[in-house]
Number of protein chains: 2
Amino acid sequence: MKATVPITVASLKVACSQCNLVELCLPFGMSESEIDRLDELVGARRKIKRQQHLYRAGDPFEAIYAIRAGSFKTDVLLEDGREQVTGFQMTGEMLGLDGISTEAHSCNAIALEDSEVCVIAYSKLEELSRVVEGLQLQFHKVMSREIVRDHGVMTLLGSMRAEERLAAFLLNMSQRFTARGFSPAEFHLRMTREEIGSYLGLKLETVSRAFSKFQDEGLIAVQQKHIRILDIVGLKRLIQPPSPRP
Amino acid sequence: MKATVPITVASLKVACSQCNLVELCLPFGMSESEIDRLDELVGARRKIKRQQHLYRAGDPFEAIYAIRAGSFKTDVLLEDGREQVTGFQMTGEMLGLDGISTEAHSCNAIALEDSEVCVIAYSKLEELSRVVEGLQLQFHKVMSREIVRDHGVMTLLGSMRAEERLAAFLLNMSQRFTARGFSPAEFHLRMTREEIGSYLGLKLETVSRAFSKFQDEGLIAVQQKHIRILDIVGLKRLIQPPSPRP
DNA sequence: ATGGACCGTTGATCCACGTCAACCACGAAA
DNA sequence: TTTCGTGGTTGACGTGGATCAACGGTCCAT
């Protein structure tokens with residue numbers, strides 16, 4: 001009976017060094033001894049049910065979050081009710097970085113499915129990253145990567161057509177699922193057509209039509225949220241038309 | 001004769017504590033004693049002539065830059081020649097943060113006029129921000145602010161119409177000029193219509209037409225790159241239509 | 001199993017913005 | 001001065017994606 005106790009304790013322990021997401025998450029690139037020192041960083045885990053907010057725009061900023069399980073969207077709401085989805089986040093990715101600048105969150109983070117996050121008190125992160133060099137560098141890289149990613153989205157929104165946008169989105173999802181050990185060619189989207197549309201600057205009808213068109217052309221097989229990519233090369237070709245400018 | 005020497009030396013000295021941009025730049029919010037310690041941070045200044053690159057996509061990342069005088073645009077070039085301007089930067093703002101993540105720059109930074117930047121070796125910044133707490137916090141805030149700004153642009157590109165975008169752009173410029181001690185209502189744009197269009201996800205003709213429309217409506221007076229804002233409230237009203245949704 | 005809410009698909013029509021083209025204003029160089 | 005090149009404006013026209021509308025599928029809760 002008692003033999004089960006240590007196992008239970010171990011599985012409940014919150015520790016980066018025990019986590020199978022190290023290679024995707026904040027500890028990526030850090031030495032083992034450095035990662036050991038992170039174990040004090042994650043104060044607690046927090047479960048968020050589907051459709052619930054992890055935080056809302058305006059909430060005071062105290063912590064950033066690493067996704068331990070599940071997935072999220074972040075969005076900003078305009079005064080007139082328009083919504084702009086600014087990103088989709090998967091396991092190992094960080095949430096809440098936007099809050100540092102004003103010490104209040106500037107967007108909403110909403111779980112797309114029942115999820116769990118590691119809560120990283122920002123004050124503790126600052127403190128620890130002063131002594132653990134690898135943590136300092138990795139944290140900066142995580143923020144910088146977010147900036148680069150946002151520039152990619154701006155490019156997509158500013159200069160690509162609807163089908164290019166969706167192709168880029170699918171390839172991005174495929175790549176991220178692959179990095180997490182899932183199939184590059186077959187995956188389940190957790191977000192609705194409307195959320196995809198908002199992210200891509202399109203209406204849901206346009207997203208739906210583009211999905212259908214890709215299916216007609218044999219590029220993918222769609223069944224609701226389940227996607228199978230049949231022709232990766234074809235999708236990539238959509239984004240980079242072969243003949244540049246005359 | 002020799003009396004002029006110390007003055008010359010002082011004016012050449014590269015020092016945040018002597019700089020009149022402290023309130024806009026990295027040292028913002030830091031104590032005087034902390035700022036004094038920054039003086040070793042800025043290794044050198046660098047002058048960039050109009051249309052020249054400060055760095056290019058792919059360049060190895062070694063430093064970030066604080067704009068001391070002048071202004072820049074950052075852009076990414078797609079393989080087929082399309083350009084997406086990802087931002088315009090003014091004095092006191094930082095350039096190069098995108099390079100941390102991959103240790104190579106991911107966009108181009110091009111001077112819109114003859115400009116000068118302070119070169120901040122990234123290794124030195126890391127080192128110093130481990131001991132100067134205020135620097136660590138401020139640097140994180142600068143990165144976070146960039147993320148928030150990018151989300152704003154994504155919102156603009158993803159869910160606003162042409163005239164809303166241009167109004168938002170003008171109000172943003174006005175606010176930034178104001179913060180630098182210039183008139184909120186009258187300023188000189190350093191970028192072309194095409195660059196504005198690229199930034200806003202519009203063609204230059206659309207930008208031009210929107211300028212003309214605003215002028216016809218008495219919101220602004222345009223003379224080439226010289227802008228006078230005549231009705232700020234009217235511009236703001238354009239972004240937030242008074243009647244939300246029925 | 002049944003009703004209902006939500007989500008997705010598809011068609012018909014519309015319009016905001018892109019495209020194409022002509023022309024004009026300004027500054028630099030000759 | 002004239003010329004040239006770049007940048008800006010404006011008009012006519014075309015189109016990609018939005019809008020409006022109807023319907024079908026799926027997943028719940030009862």
Side-chain angles (χ1 to χ4, degrees), chain A residues 49-51 73 80-85 110 112-114 156-167 169-170 188-217 220-227 238 241 245-246, chain B residues 49-51 73 80-85 110 112-114 156-167 169-170 188-217 220-227 238 241 245-246:
Chain A
K49 286 222 160 288
R50 188 176 127 84
Q51 299 287 40
K73 70 169 174 180
D80 60 359
R82 284 181 285 189
E83 175 196 33
Q84 175 68 34
V85 171
I110 298 145
L112 294 175
E113 58 192 310
D114 292 359
L156 184 145
L157 291 171
S159 61
M160 291 171 94
R161 338 258 260 44
E163 286 169 25
E164 297 177 293
R165 294 183 201 188
L166 188 64
F169 171 76
L170 289 173
H188 191 84
L189 299 175
R190 313 309 319 203
M191 67 292 286
T192 67
R193 300 289 190 263
E194 185 167 24
E195 287 164 335
I196 297 172
S198 170
Y199 179 63
L200 299 178
L202 303 168
K203 293 289 150 181
L204 65 306
E205 294 95 329
T206 306
V207 174
S208 181
R209 276 186 248 268
F211 269 125
S212 302
K213 178 126 182 281
F214 287 176
Q215 176 153 259
D216 292 348
E217 288 167 346
I220 62 175
V222 193
Q223 210 167 16
Q224 304 289 116
K225 295 189 154 82
H226 190 88
I227 306 289
L238 269 186
R245 320 242 106 177
Chain B
K49 286 221 160 291
R50 188 176 126 86
Q51 298 288 37
K73 70 169 175 181
D80 60 0
R82 283 181 284 189
E83 176 196 32
Q84 174 69 34
V85 171
I110 298 145
L112 294 174
E113 59 193 308
D114 294 358
L156 185 144
L157 291 171
S159 61
M160 292 172 95
R161 337 258 260 45
E163 285 170 27
E164 296 176 293
R165 295 183 200 188
L166 187 65
F169 170 76
L170 289 173
H188 190 84
L189 299 175
R190 318 294 339 192
M191 67 293 285
T192 67
R193 300 288 189 265
E194 184 167 23
E195 287 163 335
I196 297 173
S198 169
Y199 180 63
L200 299 179
L202 303 168
K203 293 289 147 180
L204 64 317
E205 293 95 329
T206 306
V207 174
S208 181
R209 275 186 250 267
F211 269 125
S212 301
K213 178 125 182 282
F214 288 175
Q215 176 153 258
D216 292 348
E217 288 167 346
I220 61 174
V222 192
Q223 210 167 16
Q224 306 285 115
K225 296 189 152 83
H226 191 88
I227 307 289
L238 270 185
R245 319 240 107 177

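Since the model is a prediction, treat every value here as computed from it, not as a measurement. Numbered from 1 within each chain, the chains take letters A, B, ... in sequence-line order.
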Exercise. Does the Gln84(B) side chain pair with the main chain of Ser198(B), one donor and one acceptor, at a distance under 3.5 Å?
Worked result: yes
Exercise. Can you tell me how far P of dC7(C) sits from CD of Glu205(A), to the nearest Å?
Worked result: 14 Å
Exercise. Think Thr206(A) has a side-chain N or O under 4.0 angstrom from the OP1 or OP2 of dG17(D)?
Worked result: no
Problem set entry | Polar side-chain contact Arg193(B)-dT10(D) base: donor and acceptor under 3.5 Å | no
Exercise. Atom NE2 of His188(B) and atom C1' of dG7(D): how far apart are they, to the nearest Å?
Worked result: 12 Å
Exercise. Do the charged groups of Asp114(B) and Lys49(B) touch, with an N to O distance under 4.0 Å?
Worked result: yes
Problem set entry | For atom CE of Met160(A) and atom C1' of dG16(D), their distance in whole Å | 16 Å
Exercise. If you measure from NZ on Lys203(A) to CZ on Arg209(A), what distance do you get to the nearest 0.5 Å?
Worked result: 13.0 Å
Problem set entry | Polar pair under 3.5 Å, donor/acceptor by atom type, side chain Gln224(A), base dC27(D) | no
Problem set entry | Closest listed nucleotide, where the reference is the side chain of Ser208(A) and the choices are dG17(D), dT9(C), dG8(D) | dT9(C)
Exercise. Out of curiosity, Leu200(B) CG to Phe169(B) CZ, how far, rounded to the nearest 0.5 Å?
Worked result: 6.5 Å
Exercise. Can you tell me how far P of dG16(D) sits from CD of Glu164(A), to the nearest Å?
Worked result: 12 Å
For this session: Would you mind classifying the nucleic acid contact of Gly201(A) as base, sugar-phosphate or nothing, using non-hydrogen atoms under 4.0 angstrom?
Result: sugar-phosphate
Problem set entry | Rounded interatomic separation in angstrom, taking CG from Leu200(B) and P from dA16(C) | 18 Å
Exercise. Between the base of dC26(C) and the side chain of Gln223(B), is there any donor-acceptor pair under 3.5 Å?
Worked result: no
Problem set entry | No-H, no-angle donor-acceptor pair, Arg209(B) side chain to dG18(C) base, under 3.5 Å | no
Exercise. Side chains of Tyr199(B) and Lys73(B): closer than 4.5 Å at any heavy-atom pair?
Worked result: no
Exercise. Is Thr192(B) touching bases, backbone alone, or none of the nucleic acid, heavy atoms closer than 4.0 Å?
Worked result: sugar-phosphate
Exercise. NA contact type, Leu204(A), heavy-atom cut-off 4.0 Å: base, sugar-phosphate, or nothing?
Worked result: base
Exercise. Between atom CD in Glu194(A) and atom P in dC6(C), what is the gap in whole Å?
Worked result: 12 Å
Seminar exercise, completed: Atom CG of Leu166(B) and atom P of dC17(C) are separated, to the nearest Å, by 11 Å
Exercise. Given atom CD of Glu163(A) and atom P of dA18(D), what is their separation to the nearest angstrom?
Worked result: 12 Å
Seminar exercise, completed: Ranking dA16(C), dG8(D), dT9(D) by distance to the side chain of Val222(B), first place goes to dT9(D)
Exercise. Using a cut-off of less than 4.0 Å, is there contact between a side-chain N or O of Lys203(B) and OP1 or OP2 of dT19(C)?
Worked result: yes
